[in-house]
Amino acid sequence: QMYQQMEELATTDGLTGLVNHRQFQELFDVGLKSAARYQRNYALILCDIDHFKSVNDTYGHPVGDAVLKRISSVLKRSARDTDIVARYGGEEFAILMDETDAKGAEVIAERIRNLIKEELFHSDIGSFRCSMSFGIAVFPLHASLKTELVVAADDGLYQAKRAGRDCVVLARRHTARKKAG
């Protein structure tokens, strides 16, 4: 029982209860290798809470922590049982989706985006709502390497932010690099 508790502490984010960044990276490696071996799709969704700094600045960090916990709960409930939901850092989250194409990942990201917008958060100085932006990349459509997949999803997230936030953006199509020589 104690070993199980220690393992959970080592692999779980203390605030949100989601998979932590280190464990996420390990699971990402395993999942991507499996997808490559069996020639399956593997989707990565990166998402982050829009204007989260202003939530902390306006309502205080305890309310910010409560927002992170609630949003984590929505992410976990909205993802499929086989998906891996992780706290990627700060107010950023990641979802790994085995055997999921771009359309399937978009459907789930849109569902989560809409559910987040419906959440009403409370504080001593009033109630408020949050929104999230999403970037999606899929192996092998957008990238064939882990680092490229992360960059592609992050680029989608950046495009979502530039497009006014509160939206889902699919990464650009993968362009094969020519080998030197």
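Scope of the values below: all heavy atoms of this structure, side chains included, with no hydrogens, waters or symmetry mates.
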Check the angle between the aromatic planes of Y59 and F128 and answer parallel, tilted or perpendicular using the 30° and 60° thresholds.
parallel
Using 0.5 Å steps for rounding, measure from the [atom1] atom of [X] to the [atom2] atom of [Y].
X: T12; Y: R22; atom1: OG1; atom2: CZ; value: 10.0 Å
X: I112; Y: L75; atom1: CD1; atom2: CG; value: 5.5 Å
X: Y38; Y: K33; atom1: OH; atom2: NZ; value: 13.5 Å
X: K117; Y: S131; atom1: NZ; atom2: OG; value: 7.5 Å
X: N20; Y: E26; atom1: CG; atom2: CD; value: 8.5 Å
X: D155; Y: L46; atom1: CG; atom2: CG; value: 11.0 Å

Check whether NZ of the Lys or CZ of the Arg R113 lies under 6.0 Å from the centre of the six-membered ring of F134 and within 45 degrees of that ring's axis.
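Ring-cation test returns no.
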Between [X] and [Y], which heavy-atom pair has the shortest distance, and what is it?
X: A153; Y: A137; result: N-CB, 3.5 Å
X: F93; Y: R87; result: CD2-CA, 3.9 Å
X: L68; Y: G90; result: CD2-O, 3.9 Å
X: T58; Y: I125; result: O-CD1, 3.3 Å
X: G64; Y: V55; result: CA-CG1, 4.2 Å
X: A109; Y: I136; result: CB-CD1, 3.9 Å

Begin with the C-alpha distance, continue with both residues' side-chain angles, and end with the deciding distance and a verdict on side-chain contact (heavy atoms from CB on, under 4.5 Å) for L170 and H142.
CA-CA 9 Å; L170 188 63; H142 299 113; 3.6 Å; yes
Test side-chain contact (heavy atoms from CB on, under 4.5 Å) on L149 and K146 and set out the steps.
CA-CA 5 Å; L149 198 63; K146 178 183 175 183; 5.7 Å; no
Please check if the number of heavy atoms outside R129 that lie under 6.0 Å from its CZ is greater than 12.
yes
Give the intermediate values and the outcome of side-chain contact (heavy atoms from CB on, under 4.5 Å) for residues L96 and L44.
CA-CA 5 Å; L96 295 171; L44 168 64; 3.7 Å; yes
Before giving the answer on side-chain contact (heavy atoms from CB on, under 4.5 Å), spell out for D98 and T82 the whole-Å C-alpha distance, their side-chain angles and the decisive distance to 0.1 Å.
CA-CA 7 Å; D98 194 25; T82 56; 5.8 Å; no
